Amino acid sequence: MKINRVDLIVNPKAGNERLHEQMEQIITRFEHHFPTVNVFHTNKTGDAGQYINEYGKDADFIIGAGGDGTIYELINEISPLENRPAFGIIPGGTCNDFSRALGLSQDPLIAAEQLCIQKFRGIDVGKCNHQYFLNFWGIGLITEVSTNINPKMKENFGRLSYYLSTLQSLSQEYTFNLKLESDQCAFEGEAAMVLIGNGPFTGGIRAFFPGSDIEDGKLEVLIIESNRFQTFFDMLRAKVMNDVPNSEDILYFQTDTISIETAPVQTIDCDGEREYSTPSTITVLPRHIQMAVGEYPY
């Protein structure tokens with residue numbers, strides 16, 4: 001793959017201070033390795049997508065510098081294109097989950113150096129109705145956790161804030177009626193959470209799908225029927241043992257297409273963004289985008 005033009009899209013409001021401190025060095029690195037480097041700074045949600053629509057389609061390599069929200073916005077503009085530019089990530093947020101899956105350093109400057117090596121892999125992308133995702137799709141407890149995070153707690157505790165919020169949410173009894181269908185599994189009954197993963201990291205650790213493969217054309221599906229503390233203890237034990245969670249309240253399988261209906265309607269958390277609600281049909285687009293990787297596989 002020949003890279004002539006690089007478009008670097010920077011979210012200056014992203015939470016990683018190192019990203020801003022090192023941005024001049026990052027740009028200098030790119031200008032040393034690539035013939036043309038365009039830099040665009042976003043001001044608000046939607047700016048990154050608008051840039052791709054107006055200018056980014058002609059780029060050879062688009063690099064998003066920011067948090068998971070910035071990456072979500074970019075992937076949703078790039079994925080529908082017929083001729084998709086390669087895509088890279090410079091982590092600048094709190095968790096930066098998919099950058100970890102790609103084996104990229106969490107130091108923005110080192111990540112930029114990894115991107116300059118131009119090592120690309122065809123990476124799976126998830127699709128749900130009108131949105132695309134790299135990392136996960138979820139309903140139920142996963143949405144409650146992200147909704148309940150106090151912004152001040154997130155600022156002070158970073159990734160730990162997600163797990164503090166989980167403990168808070170476990171104290172609230174909540175389930176919904178779920179009807180789920182795929183070629184591999186069918187389920188109908190009460191559930192506390194459904195999590196569909198493409199990447200292995202959630203909240204900065206391999207919490208749910210430690211063995212997932214972002215190039216296998218499969219999505220990992222986890223149904224949790226109860227939000228009892230014991231259920232999540234079983235999941236923690238599975239993480240430590242690098243095994244699939246095993247509990248009477250946990251159902252796990254892999255698939256490439258799945259349909260979901262719920263009662264009542266559930267808000268969807270898709271890579272941290274909550275824009276849509278159920279019902280949903282979720283599919284995987286195998287090796288849909290060429291992405292720059294670092295120490296991969298990790």
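Only heavy atoms go into these numbers, but all of them, side chains included; no hydrogens, no water, no symmetry mates. Note that the structure is predicted; figures quoted are calculated from it, not measured.
With D271 contributing its side chain and N135 its backbone, the two residues share a donor-acceptor pair below 3.5 Å. For R84 (side chain) and H288 (main-chain N/O), a donor-acceptor pair under 3.5 Å exists by modelled atom type. Counting only distance, with no hydrogens or angles, the side chain of H41 and the backbone of P12 share no donor-acceptor pair below 3.5 Å. Under the 3.5 Å distance criterion, the side-chain polar atoms of R287 are matched with a main-chain donor or acceptor of E215. Here the side chain of S280 pairs no donor or acceptor atom with the backbone of I282 at under 3.5 angstrom. For the pair R100 (side chain) and C95 (backbone), a donor-acceptor distance under 3.5 Å is present. Under the 3.5 Å distance criterion, the side-chain polar atoms of K119 are matched with a main-chain donor or acceptor of Y296. No donor-acceptor distance shorter than 3.5 angstrom exists from the side chain of N177 to the backbone of A263, with no hydrogens or angles considered. A donor-acceptor contact shorter than 3.5 Å links the side chain of E73 to the backbone of G49.
H130 and Y276 have tilted rings, their planes meeting at an angle from 30° to 60° on a 0 to 90° scale.
Across all their heavy atoms, S79 and I289 have their closest contact at OG-CD1, 3.6 Å. Here the closest non-hydrogen pair linking A86 and M1 is CB-SD, 3.7 Å. In terms of heavy-atom proximity, P200 sits nearest to I214 at CD-CG2, 4.5 Å. Shown here for L104 and I89, the closest heavy-atom pair between the two residues is CD1-O, 3.3 Å. Nearest heavy atoms, Y132 versus P80: CE1-CG, 3.6 Å. Listed here is the closest heavy atom pair of P91 and A111: CD-CB, 3.7 Å.
No side-chain N or O of N38 forms a donor-acceptor pair with one of Y55 less than 3.5 Å apart. With no hydrogens or angles considered, a side-chain donor-acceptor pair links T262 and T278 at under 3.5 Å. Under 3.5 Å, the side chains of E77 and Y51 contain no donor-acceptor pair of N or O atoms.
Between F40 and D7 there is no side-chain heavy-atom pair separated by less than 4.5 Å. Side chains of V6 and H33 form no contact here, defined as non-hydrogen atoms less than 4.5 Å apart. Between I224 and L141 there is no side-chain heavy-atom pair separated by less than 4.5 Å. Side-chain contact check for I90 versus F30: some heavy-atom pair is nearer than 4.5 Å. A 4.5 Å side-chain heavy-atom check between C270 and E275 finds every atom pair outside the cut-off.
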Kindly indicate, with the supporting measurements, whether the criterion side chain to side chain contact (heavy atoms under 4.5 Å, CB included) is fulfilled by W137 and I260. CA-CA 12 Å; W137 180 103; I260 288 177; 3.6 Å; yes
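Here F120 and F61 bring their ring centres to under 6.0 angstrom of each other.
Annotation: side-chain hydrogen bond (donor to acceptor under 3.5 Å, both in side chains) contacts of N11 (sequence neighbours excluded): T70. Taking the side-chain hydrogen bond (donor to acceptor under 3.5 Å, both in side chains) definition, one finds that D124 meets it with nothing, sequence neighbours left out.
Taking a 6.0 Å sphere around CD of E24, one finds it holds 12 or fewer heavy atoms contributed by other residues, nucleotides or ligands. At most 12 non-hydrogen atoms from other residues, nucleotides or ligands lie less than 6.0 angstrom from NZ of K13.
The side chain to side chain donor-acceptor pair (under 3.5 Å) analysis of residues 182-198, with sequence neighbours excluded, yields the pairs T175-E190, Q184-T255.
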